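These notes are about the structure you will find just below.
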Amino acid sequence: MQAQTEPPQTKTAWPPARSEAQRQRHRKHPRSRRNVPDENSASEYTFRRVLSTMTARFPAVEYGLVMFSHSSGWLPEGMFIKSRSVAMDDRKEMELTEFAAQIPDKQFSFIIFESCHMAGVEVAYELKDKTSCIIASCTEMISPGFTPLYDKLCRVICSQSMPLEEFAQAYYDYYKDSPGVSISVINTRELKPLKYLLREVEAHVEHWEYVDRSVIQHFDRRADNYLFHDLAGYVRCTGTEDENARLDELLPRIVTYQAATESFIPDSEHGFDITQHCGLTIYLPLMQYTFMNGEMEKLKLYREE
């Protein structure tokens with residue numbers, strides 16, 4: 001569920017108002033619309049059809065995707081009462097692997113997730129062949145999300161000269177005085193070296209229950225058994241000096257912008273302080289979640305050589 005807050009109100013001038021002549025032309029020559037039956041938007045089949053229709057009817061040099069839904073990162077469908085995978089419609093969820101499978105390679109210049117907990121290294125690596133850039137949040141995304149900033153978002157994504165980092169910073173600046181916010185811009189083209197580094201770090205883990213999670217930042221509002229930890233915090237806790245030095249060299253190339261407030265909804269149940277935020281989260285296996293641990297192993301981050 002998206003966290004609720006009351007952000008400051010802004011006035012926008014986008015899109016520009018239509019003139020009377022434009023309105024008259026639109027009434028005489030309305031755009032053709034297909035009669036589309038009711039469909040579940042979290043169905044991978046619906047998603048694939050929409051993508052096919054988009055490219056067929058609106059050919060372009062580049063495409064981008066803004067994905068708005070409830071979400072819970074890479075977590076499998078129905079894993080928890082509040083699990084929402086990548087997208088949710090009614091009781092149907094679309095999992096990360098299903099989402100990625102419908103997208104042709106190099107389809108999108110960027111994917112922007114207007115939803116919770118999507119700045120995971122598992123998510124980014126699963127989508128690395130689908131897009132070169134992801135904007136997402138390590139935490140829940142405070143409602144109303146990007147809505148007050150869509151005028152700026154439209155200008156940024158339609159411009160060849162304005163980087164997506166500029167929009168991410170505008171989002172953070174807008175919400176930085178709210179109860180909590182985090183945002184990351186992730187360059188997926190640099191993820192392969194990180195995968196190999198994480199494999200080396202994991203080799204030091206004899207048993208996952210031995211990892212001292214108390215010194216690693218979490219980003220989910222749970223009483224315990226956290227599912228989203230700061231990736232750099234994990235490597236700092238577990239890796240060698242050389243591995244940490246390599247991470248320091250890699251991270252600025254992968255996370256081209258990141259920002260977070262000092263806490264996240266601290267007055268709510270299980271609100272938390274934020275003392276670490278590298279811009280990427282990682283799941284650290286919990287022994288009691290055997291099904292989820294097995295599903296994790298099916299992700300590209302862990303099965304791809």
Side-chain angles (χ1 to χ4, degrees), residues 72-76 78-83 85 95-97 116-126 136-140 182 184 186 190-251 254-255 258 260 262-264 269-305:
S72 53
W74 72 272
L75 300 186
M79 186 64 211
F80 299 100
I81 293 175
K82 293 185 178 181
S83 172
S85 304
E95 294 187 5
L96 175 62
T97 52
C116 305
H117 296 302
M118 293 304 291
V121 65
E122 303 90 350
V123 173
Y125 200 88
E126 198 74 22
S137 174
C138 290
T139 59
E140 297 166 75
S182 71
S184 304
I186 303 162
E190 297 284 346
L191 285 171
K192 271 278 189 180
L194 179 61
K195 170 194 168 60
Y196 297 135
L197 174 61
L198 291 173
R199 184 176 294 177
E200 292 177 34
V201 172
E202 185 176 338
H204 306 311
V205 180
E206 185 177 357
H207 297 288
W208 282 108
E209 59 266 35
Y210 294 167
V211 175
D212 186 4
R213 299 163 197 255
S214 67
V215 299
I216 307 173
Q217 177 72 51
H218 68 85
F219 293 101
D220 39 341
R221 287 191 296 158
R222 293 164 58 88
D224 51 22
N225 297 328
Y226 304 117
L227 306 175
F228 302 95
H229 286 88
D230 186 72
L231 183 144
Y234 158 64
V235 176
R236 303 272 183 257
C237 174
T238 312
T240 64
E241 184 176 339
D242 174 68
E243 288 162 350
N244 276 279
R246 286 161 57 196
L247 180 68
D248 289 339
E249 192 271 332
L250 278 173
L251 268 180
I254 297 170
V255 182
Q258 60 85 15
E262 294 181 354
S263 61
F264 191 80
E269 185 177 19
H270 309 312
F272 53 88
D273 292 332
I274 299 178
T275 59
Q276 303 169 353
H277 182 265
C278 75
L280 283 170
T281 65
I282 189 169
Y283 168 68
L284 306 180
L286 291 157
M287 301 307 294
Q288 63 268 42
Y289 296 148
T290 54
F291 171 75
M292 189 160 70
N293 297 340
E295 293 298 295
M296 179 194 75
E297 296 293 336
K298 298 177 183 178
L299 298 174
K300 280 187 177 182
L301 181 64
Y302 297 101
R303 64 176 172 80
E304 192 174 85
E305 294 298 324

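As the structure is a computational prediction, the values presented were derived from the model and not from experiment.
In this structure a side-chain-to-backbone donor-acceptor pair under 3.5 Å is missing from His117 to Gly73. Panel note: side chain Asp230, backbone Ile216; no donor-acceptor pair is recorded below 3.5 Å. Checked by atom type and distance alone, the side chain of Asn293 pairs as donor or acceptor with a backbone atom of Leu286 at under 3.5 Å.
Residues that satisfy the side-chain contact (heavy atoms from CB on, under 4.5 Å) test with Ser263, not counting sequence neighbours, are Pro266, Asp273. Considering only residues two or more places apart in sequence or on other chains, Tyr196 meets the ring-ring contact (aromatic ring centres under 6.0 Å, His included) condition with none of them. By the ring-ring contact (aromatic ring centres under 6.0 Å, His included) test, Phe219 is found to be paired with His277, residues two or more places apart in sequence or in another chain being considered. In this structure, Tyr234 has no ring-ring contact (aromatic ring centres under 6.0 Å, His included) partners at least two apart in sequence or on a different chain. Scanning for side-chain contact (heavy atoms from CB on, under 4.5 Å) contacts around Asp212 gives Ser214, Val215, Cys237, with sequence neighbours left out. With sequence neighbours excluded, no residue forms a side chain to side chain donor-acceptor pair (under 3.5 Å) with Glu122. In terms of the side chain to side chain donor-acceptor pair (under 3.5 Å) criterion, residue partners of Lys298 (sequence neighbours excluded) are, by chain and number, Glu295. In terms of the salt bridge (charged side-chain N to carboxylate O under 4.0 Å, His left out) criterion, residue partners of Lys192 (sequence neighbours excluded) are, by chain and number, Glu304. Residues meeting the ring-ring contact (aromatic ring centres under 6.0 Å, His included) test with Tyr226, sequence neighbours left out: His218. Glu126 pairs by the side-chain contact (heavy atoms from CB on, under 4.5 Å) definition with Leu96, Thr97, Ala100, Leu299, Lys300, Arg303, not counting sequence neighbours. Residues satisfying the side chain to side chain donor-acceptor pair (under 3.5 Å) criterion with Asp248, sequence neighbours excluded, are Arg236. Residues passing the side-chain contact (heavy atoms from CB on, under 4.5 Å) test with Glu243, sequence neighbours excluded: Leu197, Glu200, Val201, His204, Thr240, Arg246.
With a 6.0 Å radius and a threshold of 12 heavy atoms from other residues, nucleotides or ligands, Glu241 has its CD atom at or below the threshold.
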